[in-house]
Amino acid sequence: MSKYVIIGNSTGAIGCVEGIRSVDKSGEITLIASEPHHTYSRPLISYLLCGKTDEQRMKYRSDSFYKDNKVRKMLGKTVVSVDNNAKKVLLADGKEVPYEKLMIATGSVPFVPPMDGLDKVKKRFSFMTLDDAHKLEKAITPQSKVLIVGAGLIGLKCAEGINDKVKSITVVDLADRILPSILDYEGSAVVRRHIESKGVKFYLSDSVKTFEKNKAALVSGAEIDFDILVLAVGVRPCVTLISDIGGKVNRGIVTDDKCRTSLKDIYAAGDCTESHDVSSNTNKVMALLPNAYMQGETAGINMAGGNAHYDNAIPMNAIGFFGLHIITAGTYEGESYTSTADGNYKKLFYKSNRLKGYIMIGDIKRAGIYTSLIKKRTPLCSIDFELIKEKPQLMAFSRKARKEFLAK
Amino acid sequence: MKRIYVDEKWCLGCHLCEYYCAFANSGKDDMAKALKNVKINPRIQIEEKDGISFAVSCRHCEEPLCVKGCITGALSVVDGVIQIDSDKCVGCYTCVLSCPYGAIMPSESDDGVVQKCELCLKNSHGKPACVEGCPNRAIIYEEKE
Ligand SMILES: Cc1cc2nc3c(=O)[nH]c(=O)nc-3n(C[C@H](O)[C@H](O)[C@H](O)COP(=O)(O)OP(=O)(O)OC[C@H]3O[C@@H](n4cnc5c(N)ncnc54)[C@H](O)[C@@H]3O)c2cc1C
Ligand code: SF4
Ligand code: SF4
């Protein structure tokens with residue numbers, strides 16, 4: 001019997017392996033995942049398409065990772081159900097794998113809302129996995145006219161990845177701005193102008209009314225010719241393994257700060273979960289890689305009998321498009337301070353003596369100093385806020401705090 | 001583990017550590033050739049204001065948020081030292097977003113990969129050049145408890 005069973009083979013799962021092994025060097029770990037590949041960095045699929053990485057370099061951990069960590073891997077296998085009474089998981093091929101402690105790191109899948117005529121479109125893709133990237137790469141030609149539905153992170157990363165390899169890219173989104181989940185209106189306009197300057201066309205506050213084989217009619221009346229369609233509207237956390245057996249699920253699997261689900265001996269991490277955002281004091285799905293790692297590692301330590309808490313999660317994101325870098329974190333509420341010096345864009349949000357969130361576009365240097373203020377909920381009266389507004393710096397802290405940072 | 005510690009009481013604000021760092025990581029063996037007419041982008045950087053100054057470089061954290069958040073696995077812990085594999089790094093700057101000290105930064109290279117203090121263990125210097133270059137022992141390299 002395997003002591004630990006992990007479902008998934010991406011960030012959450014790898015964090016879990018490393019968490020377990022920091023406490024228990026030998027307890028048997030079985031890792032099961034539908035995707036057949038060695039663990040890879042999901043965000044790199046767009047970098048792969050534009051040639052900035054390759055399949056070897058995009059491996060998230062070294063070739064010897066499973067061996068080094070004594071992980072028995074079962075790749076290309078899908079778990080269809082969990083029996084939490086008998087403590088075993090059932091695979092699609094009928095096999096059963098018993099567990100003592102179980103990790104669910106099943107991530108998310110693309111969400112495709114019903115759209116009129118969608119079944120007439122033959123060349124239709126999502127952009128979530130390495131296999132998706134390969135399929136898209138095979139389909140595009142220098143003559144391709146690509147339509148991307150969704151101007152969020154995934155849709156735009158896809159656009160960047162293939163822009164040099166196709167004739168045209170058009171992006172449609174219902175929202176009034178691009179990257180609505182991480183940018184305010186002004187910041188979004190800055191990034192949009194930059195992406196437009198690379199030839200990408202946007203239709204915002206608009207959506208597809210009907211699809212023909214090679215044409216999309218938009219609600220606004222515009223018509224777009226295309227031969228390749230990429231759907232990047234949104235994602236849906238994979239929660240059914242837990243919801244099917246009565247575990248607590250809202251939008252994602254509900255987890256506590258030890259990354260436990262509501263079911264005994266079952267833990268969860270990553271994009272399939274919902275956790276506490278300390279910047280807004282609400283529970284939400286924070287589908288981001290650093291978060292998946294921290295949750296996986298925390299769960300792993302606890303599964304192996306250690307005692308770890310992950311209690312300072314916030315939404316945070318670093319992303320770039322065509323050389324323009326964006327870093328954002330936290331929640332955009334309260335008063336704000338904006339600076340647009342030297343063609344950069346920066347906005348800080350603060351309330352009740354705390355930094356709540358920030359947006360930096362262009363100059364992103366030392367952004368982590370701001371992130372840390374949000375996570376630690378540092379009282380702004382304890383630092384020189386006017387100084388740190390200008391740029392992130394340790395000079396804004398007290399001499400005592402600095403000693404703590406640099407001399408200890 | 002041996003770490004770099006900075007005492008602002010002794011810092012003269014002379015910026016020599018920055019030059020030693022840039023030289024040690026330049027791959028050149030002549031300091032004048034390495035630094036003349038070059039705008040340096042050292043891995044240790046001085047902050048200064050109103051007569052206070054101090055050097056900031058990677059703390060080689062026990063809880064290295066940069067490593068845990070790295071989207072590619074380019075950052076790793078090797079015997080306590082936080083190292084960067086520039087071949088794997090894609091310059092996404094998730095580590096810049098994560099580091100509480102602002103101690104990891106974009107390099108000058110075209111592909112924008114990050115750079116950070118690696119205690120000179122990977123360059124020809126072999127031990128922290130900033131420490132040796134500091135005329136007032138404001139930067140020390142030692143084992144504390
Ligand atoms: C194009 C793109 C760009 C991105 N860019 C960034 C970025 O720049 N920064 C950032 O922070 N985040 C980014 N993300 C998000 C990031 O990739 C995710 O947050 C991260 O991968 C989450 O990891 P995870 O382990 O929770 O799940 P996933 O990566 O979704 O992995 C889930 C795993 O579970 C397996 N699985 C699922 N169900 C089953 C089952 N029933 N049985 C067996 N196996 C199963 C799957 O095969 C897979 O291996 C990006 C995502 C995409 C798609
Ligand atoms: S780069 Fe920053 S977070 Fe990473 S180890 Fe150094 S000081 Fe710590
Ligand atoms: S910039 Fe490089 S080292 Fe930093 S998180 Fe991204 S890939 Fe990792």
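Keep in mind that what you see is a predicted model, and the values were worked out from it rather than measured. Convention: sequence-line order gives letters A, B, ...; per-chain numbering from 1. No hydrogens, no waters, no symmetry mates; every other heavy atom, side chains included, goes into these values.
Below 4.5 Å, heavy atoms of chain B meet heavy atoms from Met316(A), Asn317(A), Ala318(A), Ile319(A), all part of residues 310-320 of chain A. Taking 4.5 Å as the heavy-atom cut-off, the residues of residues 104-136 of chain B that approach chain A are Pro106(B), ordered by number. Heavy-atom neighbours of chain A within the stretch residues 23-38 of chain B, taken at a separation under 4.5 angstrom, are nonexistent. Of all residues in residues 40-62 of chain B, those placing a non-hydrogen atom less than 4.5 angstrom from a non-hydrogen atom of chain A are Glu47(B), Glu48(B), Lys49(B), Ile52(B), Phe54(B), Ala55(B), Val56(B), Arg59(B).
For the residue pair Thr371(A) / Tyr358(A), a side-chain donor-acceptor distance below 3.5 Å is found, with atom types taken as modelled. Side-chain contact check for Thr273(A) and Gln295(A): at least one donor-acceptor pair (N or O, by modelled atom type) lies under 3.5 Å.
Of the atoms belonging to Cys70(B), it is backbone heavy atoms, and not side-chain ones, that fall under 4.5 Å from chain A. For Cys99(B), the part lying under 4.5 angstrom from a heavy atom of chain A is the backbone only. With a 4.5 Å cut-off on non-hydrogen atoms, Arg402(A) touches chain B through its side chain but not through its backbone. Looking at Tyr47(A), only its side chain comes within 4.5 Å of chain B, counting heavy atoms on both sides. The contact between Leu289(A) and chain B is made entirely by side chain atoms (from C-beta outward), counting heavy-atom distances below 4.5 Å. For chain B, the nearby parts of Ala407(A) are the backbone and the side chain; heavy atoms of each come within less than 4.5 Å. Contacts between Ile140(B) and chain A at a heavy-atom distance below 4.5 Å are absent for every atom of the residue. Only the side chain of Ser372(A) comes within contact range of chain B, judged by heavy atoms closer than 4.5 Å. Interface residue Leu406(A): backbone and side-chain heavy atoms are both found under 4.5 Å from chain B.
Listed options Met58(A), Met294(A), Gln56(A), Met360(A) were ranked by heavy-atom pairs under 4.5 angstrom with chain B; first place goes to Met294(A). The choice from Lys403(A), Lys376(A), Lys59(A) that makes the most heavy-atom pairs within less than 4.5 Å of chain B is Lys59(A). Top candidate by heavy-atom pairs under 4.5 Å with chain B, chosen from Ile364(A), Thr53(A), Asn291(A), Leu373(A), is Ile364(A).
The aromatic rings of Tyr93(B) and His325(A) lie tilted to each other, with the angle between the two planes from 30° to 60°.
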task = Could you please spell out the steps behind the salt bridge (Lys or Arg N to Asp or Glu O under 4.0 Å) verdict for Arg21(A) and Glu18(A)?
result = CA-CA 5 Å; Arg21(A) 284 289 175 252; Glu18(A) 294 180 346; over 6 Å; no
